[in-house]
Protein chains: 2
Amino acid sequence: MHMALKFVLLTLLDRERITGYDIVKTFDSAVGYFWSASHQQVYRELSKLTDQGLVNFTSVKQGDKPDKKVYRITRSGKQELQDWLHEPAKESPTKDLLLVKLLNLRADNVDVLLEELDRAIKNAQQRASVYSGIEKTYYSKTQIAALELDDLALFLALRKGITSITSHIDWLHQTSAEIKKRVANNN
Amino acid sequence: MHMALKFVLLTLLDRERITGYDIVKTFDSAVGYFWSASHQQVYRELSKLTDQGLVNFTSVKQGDKPDKKVYRITRSGKQELQDWLHEPAKESPTKDLLLVKLLNLRADNVDVLLEELDRAIKNAQQRASVYSGIEKTYYSKTQIAALELDDLALFLALRKGITSITSHIDWLHQTSAEIKKRVANNN
DNA sequence: TCTGCCATGTAATCTGTTACATGATTCT
DNA sequence: AGAATCATGTAACAGATTACATGGCAGA
């Protein structure tokens with residue numbers, strides 16, 4: 001997870017010129033299913049990257065609205081990004097608080113945990129339907145073969161979101177069912 | 001992710017009395033597929049929890065080896081844990097650096113990314129075989145129905161590890177194949 | 001009028017990582 | 001002789017989260 005945001009920003013800036021504000025908005029939509037960060041983090045990181053000469057910006061006056069800082073990647077920014085791509089990624093350990101909660105499974109809090117699982121199922125299903133909505137509207141079967149490479153990457157990321165949320169939902173159903181079965185038998 | 005380690009430790013201490021050292025070891029094995037932390041974090045957090053009266057410890061002399069601090073949860077620790085279980089968990093956003101790398105997909109670095117995907121496939125397969133090894137040795141089909149509730153939780157956590165790594169591997173194969181297809185067609 | 005959007009920022013705090021440190025014992 | 005294990009800790013730094021802050025404009 002080290003230096004992660006730095007390379008996320010360089011990656012986005014290598015695709016297009018964009019403001020910090022718009023990067024944060026991206027995290028709420030397209031890029032959101034594999035990365036996100038708060039505006040504080042983004043602004044802080046962008047000024048650090050500017051100091052290091054990896055990005056720079058032009059202030060754009062807009063009359064009514066406050067000035068924009070439109071960022072772009074520099075040549076040495078591109079170089080650092082390329083170097084990073086060539087380093088093998090070390091995999092970061094999983095951290096799942098829902099499983100920690102599950103470890104507290106005892107007769108006296110089965111109910112709370114089942115509620116938590118139900119909530120998780122609802123959230124996951126909602127997210128799943130958002131994803132498949134995007135898949136249908138943006139990428140119909142016939143278009144996929146015609147996608148440009150960088151759009152293909154976005155599509156594959158979406159597919160990742162869909163497959164992992166689907167298997168998550170499966171697991172949630174199975175564990176909920178398993179726990180309910182126990183409770184029923186021990187009455 | 002806020003205050004997460006605190007509740008991980010309280011959860012573990014609610015199951016059994018244990019030293020900081022052994023908690024760290026647990027992160028390398030059983031609990032490892034849904035949480036981990038370094039010994040520095042664990043020791044820092046344990047002394048903080050001691051100050052707050054949520055846990056306490058007894059020093060155990062061992063003659064040859066250094067003294068142990070065997071921790072146990074206090075009544076107010078149990079209370080805080082229970083309160084936490086009753087709060088609905090907010091889901092933490094996904095962060096996946098591999099997808100960030102993929103976003104850099106362009107003709108000139110297809111090769112690097114395919115290598116990265118291959119590496120990811122190998123790692124994932126290795127982890128998958130570890131998990132299914134555990135499943136086979138610890139939980140044979142006939143035993144599952146007979147598991148105690150708290151052992152059941154560990155089993156369900158393992159199932160989560162297995163289903164998510166399996167779908168991850170599926171996706172890795174699909175995307176690798178898709179990218180290779182493009183490269184082949186554009187020659 | 002109040003909420004939300006546009007667009008940026010600072011400050012305080014908490015969490016996580018890396019490096020350094022001790023000191024005896026057991027295994028190779 | 002050298003490495004690994006047992007068992008604990010400090011210090012410095014990097015990363016993430018939360019709260020606080022500005023100030024105009026658009027729409028309900």
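Quick note on labels: first sequence line is chain A, next is B, and so on, each numbered from 1.
One can place CD of Glu45(B) at 17 Å from P of dT13(C), the figure rounded to the nearest angstrom. For Ile23(A) and dC6(C), the CD1 to P distance is 15 Å, given to the nearest whole Å. Atom P of nucleotide dG16(C) and atom CZ of Phe27(B) are separated by 10 Å, given to the nearest angstrom. Counting to the nearest Å, the P atom of dA21(D) and the OH atom of Tyr43(A) are 19 Å from each other. Whole-Å rounding puts the His39(B) NE2 to dA11(D) C1' distance at 12 Å. Rounded to an integer number of Å, the gap from CZ of Phe57(A) to P of dG9(C) is 7 Å. The distance between atom NZ of Lys90(B) and atom C1' of dA16(D), rounded to the nearest whole Å, is 11 Å. To the nearest angstrom, P of dC6(D) lies 9 Å from CG of Asp22(B).
Applying the 4.0 Å criterion to OP1 and OP2 of dA7(D), one finds that Lys25(B) has every side-chain N and O outside that range. Using a 4.0 Å cut-off, no side-chain N or O of Gln41(B) falls inside it from OP1 or OP2 of dT15(C). For Tyr21(B) and dT8(D), the shortest distance from a side-chain N or O to OP1 or OP2 is not below 4.0 Å.
Using a 4.0 Å cut-off between charged nitrogen and carboxylate oxygen, Glu45(B) and Lys6(B) do not count as a salt-bridge pair. Salt bridge Arg106(A)/Asp150(B): absent, no basic N to carboxylate O contact under 4.0 Å. A salt bridge links Arg159(B) to Glu135(B): at least one charged side-chain nitrogen sits closer than 4.0 Å to a carboxylate oxygen.
A donor-acceptor pair under 3.5 Å is formed between the side chain of Trp171(A) and the backbone N or O of Leu156(B).
A donor and an acceptor atom, one from each side chain of Thr11(B) and Asp14(B), are nowhere located under 3.5 Å apart. Residues Asp170(A) and Gln174(A) bring no donor and acceptor atom of their side chains to less than 3.5 Å of each other.
Across all strands, Lys6(A) comes closer than 4.0 Å to no nucleic acid atom at all (heavy-atom distances).
When distances are taken from the side chain of Met3(B) to each of dC14(C), dT17(C), dT18(D), the shortest belongs to dC14(C). Of the candidates dT8(C), dA11(C), dT17(C), dA11(C) carries the atom nearest the Gln40(A) side chain, counting heavy atoms from C-beta on.
Comparing Thr19(A) and Ala37(B) by the nucleotide of DNA chain C whose heavy atom lies nearest to each, the residue mapping closer to the 5' end is Thr19(A). Summary of the strand contacts: Tyr71(B) and Arg44(A) both lie near DNA chain D, and taking for each the nucleotide with the nearest heavy atom, the more 5' one is attributed to Tyr71(B). Looking at which nucleotide of DNA chain C each of Pro93(A) and Lys68(A) is closest to, the 5′-most match is held by Lys68(A).
Note on the helix from dT1(C)-dA28(D) to dT28(C)-dA1(D): angle between the axes of the first and last five pairs equals 40°, rounded to 10 degrees.
Around the CZ atom of Arg15(B), the shell of radius 6.0 Å holds more than 12 heavy atoms that belong to other residues, nucleotides or ligands.
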